[in-house]
Amino acid sequence: MFENLQKKLTGVFKNLSGKGKLSEKNIKDAVREVKLSLLEADVHYKVVKELIDRVKEEAIGSKVLESLTPDQEFIRIVRDDLIELMGGKENNKITISRNPGFIMLTGLQGSGKTSTAAKLANFYKKKGKNPLLVAADTYRPAAIDQLVQLGEDIGIPVFTGDRVNALKIVEESKKYAEKLLHDIVIVDTAGRLHIDEKMMEELENIKKLINPDEILMVVDSMVGQDAVNSAKEFNDKLDLSGFVVSKLDGDSRGGVIISIRYITGKPVKLVGVGEKIDDLEEFYPDRYVGRILGMGDVLSFIEKV
Amino acid sequence: MGIFEKFKNGLSKARNTIFKNIKTIFSGKVLDDDVLEELEEILIMSDMGVEVSHEILEELKSRYKADNSYNDPLLLLRDILVENLQKDEVVNDFQQKPYVILIVGVNGSGKTTTAAKLAKMYSSQGKEVVLAAADTFRAAAIEQLKEWGNRLNTTVIAHQKGSDAAAVVYDAITHAKSRGKDIVLIDTAGRLHTKSNLMDELKKIRRVVEREVPGAPHETLLVLDGTTGQNGISQAKAFKEAIDITGIVVTKLDGTAKGGIAFAINHELNIPIKLVGFGEKEDDLQIFDPQSYCNALLGVDEVE
Ligand SMILES: Nc1nc2c(ncn2[C@@H]2O[C@H](COP(=O)(O)OP(=O)(O)OP(=O)(O)O)[C@@H](O)[C@H]2O)c(=O)[nH]1
Ligand SMILES: Nc1nc2c(ncn2[C@@H]2O[C@H](COP(=O)(O)OP(=O)(O)OP(=O)(O)O)[C@@H](O)[C@H]2O)c(=O)[nH]1
Ligand SMILES: [Mg+2]
Ligand SMILES: [Mg+2]
């Protein structure tokens with residue numbers, strides 16, 4: 001799958017011999033192939049259009065480096081733009097500045113919030129912290145049981161309060177955490193649609209209660225064009241600190257990574273790469289460019305040059 | 001509120017957000033390059049995918065030339081989409097007993113909720129339903145199904161977490177046979193289609209069903225999250241290859257996603273869409289209606 005674009009581009013540039021300049025005319029087919037590839041990766045339609053305009057502008061007239069062929073030079077430009085769109089070399093780690101610090105997880109139904117909560121708690125426990133999980137999904141059947149079981153598996157306490165009122169649970173968990181000297185509190189919330197005003201208001205109220213150090217939206221990597229709508233709405237309402245992109249252990253191309261960053265300006269901070277407790281990683285943009293573009297090897301070659 | 005009203009409401013939420021009044025925008029327009037580009041945008045933004053979108057638009061172009069009874073290119077497009085969809089409903093009239101429905105899909109797509117919704121649908125038709133808790137893997141997956149069983153007053157057959165999923169299925173079928181129950185609904189664990197060990201587990205479940213009830217599973221439903229992008233094709237291909245899928249359930253269409261990938265799957269792989277989920281409650285399930293779906297996908301107002 002990943003060699004697809006590469007092959008096409010090699011074909012497209014076959015007639016452009018030597019190391020000549022890139023021109024509107026000779027990159028036309030290449031531009032089309034890149035555009036197609038990004039759309040197949042689920043990068044949002046409008047983001048693709050803008051990106052392509054930018055690439056064209058940069059490419060036309062640019063001299064091809066000695067060591068690169070024209071197609072490689074073109075791809076270098078695309079790659080650099082994509083990395084920049086994903087946050088470039090910024091360091092986007094989770095930062096907790098208070099004690100206890102609060103992390104709040106939000107997102108659409110089934111995106112991976114509860115799993116991520118447990119994974120994060122385990123991550124901090126291994127770093128010598130004393131995390132507390134808070135079960136604030138009082139809606140989905142057995143959502144609280146799910147977090148309780150995950151907490152048991154990793155030996156981390158789960159605060160469940162009255163199991164009925166999410167706001168009350170969160171409120172009480174604050175005092176509980178302070179009393180029992182937990183230094184990090186991770187709040188799992190119910191999945192909800194961005195257009196569900198009442199449920200979005202609940203999140204705003206939870207946010208007010210705890211003023212979280214990190215408020216993350218968990219986004220399924222398999223999501224298509226609609227990702228920008230939900231991400232924008234969650235960010236508008238909650239002023240997110242970043243995203244977690246889950247389920248990247250499959251074969252989705254993950255174009256959503258580009259779209260959500262573009263539409264909100266907020267970084268992806270973590271990625272989920274499996275159902276196991278350790279399957280959570282920091283996010284490095286350059287690792288995902290090849291996947292989103294649908295080409296692997298050429299990129300590592302360009303990297304070296 | 002009748003079920004159909006509710007379905008329309010669920011979808012109209014989606015409609016009103018982006019494509020307000022699109023019908024009037026296209027009405028009276030001719031199919032020139034600008035209009036074609038706008039239509040392409042709508043199709044691609046519905047997650048239909050570039051290739052399928054182009055194929056459909058080619059059909060639109062040639063049909064538009066031949067047929068001048070349409071003064072709204074969007075409505076012709078809608079009709080073409082509808083014609084391109086297979087119509088194949090889930091069975092309501094069972095000859096076999098027990099009738100076995102296997103429910104599969106990637107993680108978090110809505111399998112367990114769909115199983116509960118189906119249990120509700122069939123029991124309200126007077127059928128006796130057994131739910132099989134064959135997700136023995138995910139934390140509290142069994143408790144989730146049991147809670148649905150309580151709410152719906154439906155039997156749930158379950159073992160311990162971590163036990164053999166196929167054994168649960170065997171027990172559920174045995175239970176249904178001995179009590180003369182009508183339907184067995186099997187809720188399986190979410191799994192990414194790229195994981196061969198997990199796909200093998202599904203094959204094993206299927207083999208047990210085949211062995212215990214001749215002709216079963218009568219339905220194997222792939223539950224597809226309506227927000228899914230192009231990866232949906234890969235999902236459908238892999239599940240079809242592994243255990244043969246008889247229909248798609250598209251969930252979460254109460255949001256703003258259009259679910260165009262379901263159209264693409266039907267188009268590319270000939271798997272019909274059979275049901276639509278549009279909420280988290282037990283009644284939020286509807287038999288698939290191509291016309292409503294295509295209207296919602298394109299943003300065509302249902303009152304014409
Ligand atoms: N393969 C894979 N599965 C994941 C990953 N993260 C979560 N899952 C699975 O996705 C499904 C949904 O995850 P949850 O953590 O329950 O999602 P949620 O957002 O809490 O769901 P709701 O509370 O119902 O909104 C479960 O089956 C998880 O095991 C991941 O990174 N990879
Ligand atoms: N808005 C909306 N939410 C839904 C719909 N169907 C399911 N959900 C929600 O999506 C989340 C996941 O649903 P589940 O039924 O647990 O999904 P699943 O496929 O069984 O998940 P795993 O077993 O973890 O793979 C839950 O929060 C459900 O309430 C739907 O049609 N609309
Ligand atoms: Mg959850
Ligand atoms: Mg489930």
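So that the names make sense, note that chain A is the first sequence line, chain B the second, and so on, each numbered from 1.
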- Options B:Glu51, B:His193, B:Lys161, ranked by heavy-atom pairs under 4.5 Å with chain A, top entry: B:His193
- Task: Measure distances from B:Glu143 to the heavy atoms of chain A and classify the residue's part below 4.5 Å as side chain, backbone, both or neither.
- Result: both
- Looking only at non-hydrogen atoms, find the nearest pair between A:Pro141 and B:Arg151 and report the distance. CG-NH2, 3.7 Å
- Note on the structure: Scanning both residues in full, the closest heavy-atom pair of A:Gln149 with B:Ala140 reads OE1-N, 3.1 Å
- Item | Distance in Å, A:Asp145 CG paired with B:Ile142 CD1, rounded so as to fall on 0.5 Å steps | 11.5 Å
- Message: Between B:Ser46, B:Ala139, B:Gly108, B:Ser234, who has the most heavy-atom pairs with chain A when the cutoff is under 4.5 Å?
- Response: B:Ala139
- Message: Around atom CG of B:Asp33, are there more than 12 heavy atoms from other residues, nucleotides or ligands closer than 6.0 Å?
- Response: no
- Message: Would A:Lys46 and B:Glu41 count as a salt bridge (Lys or Arg N to Asp or Glu O under 4.0 Å) here? Give the steps.
- Response: CA-CA 9 Å; A:Lys46 293 194 168 142; B:Glu41 184 176 328; 3.4 Å; yes
- Pair count under 4.5 Å, heavy atoms only, with chain A: among B:Ile233, B:Asn107, B:Val50, highest is B:Asn107
- Message: Please tell me whether A:Asp251 and B:Thr194 have a donor and an acceptor in their side chains that are separated by less than 3.5 angstrom.
- Response: no
- Rounding to 0.5 Å, atoms CG (A:Asp249) and CG (B:Leu192) come to a distance of 5.0 Å
- Could you grab the distance from atom CG of B:Asp47 to atom CG of A:Leu39, nearest 0.5 Å is fine? 10.5 Å
- Message: With a 4.5 angstrom heavy-atom cut-off, is it the side chain or the backbone of A:Asp196 that approaches chain B, or both, or neither?
- Response: neither
- What is the distance from atom CE of A:Met222 to atom CD1 of B:Ile261, rounded to the nearest 0.5 Å? 12.5 Å
- What part of A:Gln109 lies closer than 4.5 angstrom to a heavy atom of chain B: side chain, backbone, both or neither? both
- Between B:Glu37 and A:Lys49, is there a salt bridge with N-O shorter than 4.0 Å? yes
- Message: Tell me if the NZ atom of B:Lys195 is crowded by more than 12 foreign heavy atoms within 6.0 Å.
- Response: yes
- Query: For B:Lys146, is it the side chain, the backbone, both or neither that has a heavy atom under 4.5 Å from a heavy atom of chain A?
  - Reply: neither
- Message: Tell me if the CG atom of B:Asn153 is crowded by more than 12 foreign heavy atoms within 6.0 Å.
- Response: no
- Task: Report the C-alpha separation of B:Thr227 and A:Asp220 in whole Å, then their side-chain angles, then the decisive distance to 0.1 Å, and conclude whether the side-chain contact (heavy atoms from CB on, under 4.5 Å) test is met.
- Result: CA-CA 9 Å; B:Thr227 66; A:Asp220 187 324; over 6 Å; no
- Item | Top contributor to chain B interface from A:Arg140, A:His44, A:Lys247 [non-hydrogen pairs under 4.5 Å] | A:Arg140
- Heaviest contributor of heavy-atom pairs below 4.5 Å to chain A, chosen from B:Arg138, B:Lys252, B:Glu280, is B:Arg138
- Task: Answer yes or no: are there more than 12 heavy-atom neighbours, outside B:Glu241 itself, under 6.0 Å from its atom CD?
- Result: no
- Task: Report the distance from atom CD of B:Gln144 to atom CD of A:Gln146, rounding to the nearest 0.5 Å.
- Result: 7.0 Å
- Test item: B:Gln230 side-chain N/O and A:Glu40 main-chain N/O as donor-acceptor pair under 3.5 Å: no
- Query: For the atom pair NE2 (A:His194) and OG1 (B:Thr256), what is the distance rounded to the nearest 0.5 Å?
  - Reply: 3.0 Å
